[in-house]
Amino acid sequence: MTEIGSDLTQDAFLNGALNILQPKSGYRAATDPVFMAASIAAKPGDTVLEMGCGVGVAMLCLGQRVPDCKLTGLELQPEYADLARQNAEANDISAKILSGDLMQMPPELREQNFDHVMFNPPFYDYGKVTAPDDLGKSQAHVMDLEISDWIKAGMKRLKPKGWLTFIHRIDILPKAMAALSEGAGDIIVKPLTSRSSQPAKRIIVTCRKGTNGPPVLLPPLVIHNSDAHSSDAGTYSSIAQGILRNGDALPIS
């Protein structure tokens, strides 16, 4: 991490393949968007929309792995959208970033449909935790929309048989499955656990619009090899290290 003035830092992702400007005190992307991007089975030429793209980490990780994707980001907070544009340009990845609300998308987006839609939504419900003082962090971490709202908005922007992917807490799974029961099939759930001895706290969910294949629960991705916490990156499992350091794909199948 390198401080850029008093408000920003520049952080390396994918072992320095991406250098990302982030607010020093606001919401800061970590590993979740990297894991989500790794799970997108995009091909060159595919169109991809990230809803709530923040400073652009997930979409730029995907663009680094699949250079010929056509990337679009939607971000509510103009300051974060501007950083996403700067990050795309600085990392020489073509991406179009729009400012707007996913519940009232800009007309330009409402006229488009995509091969893939992904999102990494806020994780904490109002009334269950105290919102952070920082406005950017508060808007990024505290849910003012249900998971069903995110799913509904994403499904509208998909082409027939397009793929919807998101990462979230595991406790939202019942609500997510209920929302996906209308209009989606081939639902695949990939748990993420810090260590093999611990329960999963995150899930990556992917599904396909307009299909009716049965749901599948996959074995978890174990992120660390060791049972004890360590800051040493060498404790990452081989799969996690390949994703976080090398930009490898995480097959969801």
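All residue numbers refer to positions in the sequence shown, counting from 1.
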Please identify each residue that fulfils side-chain contact (heavy atoms from CB on, under 4.5 Å) with Ile170, with sequence neighbours left out. Ala200, Ile203
side-chain contact (heavy atoms from CB on, under 4.5 Å) against Leu217, all qualifying residues, sequence neighbours excluded: Val189, Pro191
Contacts of Gln22 that satisfy side chain to side chain donor-acceptor pair (under 3.5 Å) - sequence neighbours left out: Asp11
Residues pairing under salt bridge (charged side-chain N to carboxylate O under 4.0 Å, His left out) where one sits in residues 33-56, two or more places apart or in two chains, turn out to be Lys43-Asp46
Listed by chain and number, what are the salt bridge (Lys or Arg N to Asp or Glu O under 4.0 Å) partners of Asp115, not counting sequence neighbours? Lys159
Results of side chain to side chain donor-acceptor pair (under 3.5 Å) for Ser148 - residues two or more places apart only: none
Between side-chain atoms of residues 58-69 and protein atoms elsewhere (two or more places apart, or another chain), which donor-acceptor pairs fall under 3.5 Å?
| residue | atom | partner | partner atom | Å |
| --- | --- | --- | --- | --- |
| Arg65 | NH2 | Ala37 | O | 2.9 |
| Arg65 | NH2 | Ile40 | O | 2.8 |

Go through the structure and list residues passing side-chain contact (heavy atoms from CB on, under 4.5 Å) with Ala176, not counting sequence neighbours. Ile147, Ile151, Phe166, Ile172
Report the residues that fulfil salt bridge (Lys or Arg N to Asp or Glu O under 4.0 Å) with Lys152, sequence neighbours left out, ordered by chain and then residue number. none
By side chain to side chain donor-acceptor pair (under 3.5 Å) - contacts of Lys156 (at least two apart): none
Hey, does the side chain of Asn225 reach the backbone of Tyr236 with a donor-acceptor pair shorter than 3.5 angstrom? yes
Pairing residues for Lys209 by the side-chain contact (heavy atoms from CB on, under 4.5 Å) criterion, not counting sequence neighbours: Met155, Leu158
Before you tell me yes or no, could you show the steps for Trp150 and Val117 under side-chain contact (heavy atoms from CB on, under 4.5 Å), namely the whole-Å CA-CA distance, both residues' side-chain angles and the distance that decides it to 0.1 Å? CA-CA 11 Å; Trp150 286 81; Val117 173; over 6 Å; no
With a 3.5 Å distance limit and no angle check, can you tell me whether Ser39 reaches the backbone of Ile252 through a side-chain donor-acceptor pair? no
Per-pair distances, 0.1 Å, donor-acceptor, side chain in residues 81-89, under 3.5 Å, sequence neighbours excluded:
| residue | atom | partner | partner atom | Å |
| --- | --- | --- | --- | --- |
| Asp82 | OD2 | Gln86 | NE2 | 2.9 |
| Arg85 | NE | Ile97 | O | 3.2 |
| Arg85 | NH2 | Ile97 | O | 3.2 |
| Arg85 | NH2 | Ser99 | OG | 3.4 |
| Asn87 | OD1 | Leu21 | N | 2.8 |
| Asn87 | ND2 | Leu21 | O | 3.1 |
| Asn87 | ND2 | Val55 | O | 3.0 |
| Asn87 | ND2 | Leu83 | O | 3.1 |

Whether Arg208 side chain and Gly185 backbone form a donor-acceptor pair below 3.5 Å: no
Does Lys190 reach the main-chain N or O of Pro219 with its side chain, forming a donor-acceptor pair under 3.5 Å? yes
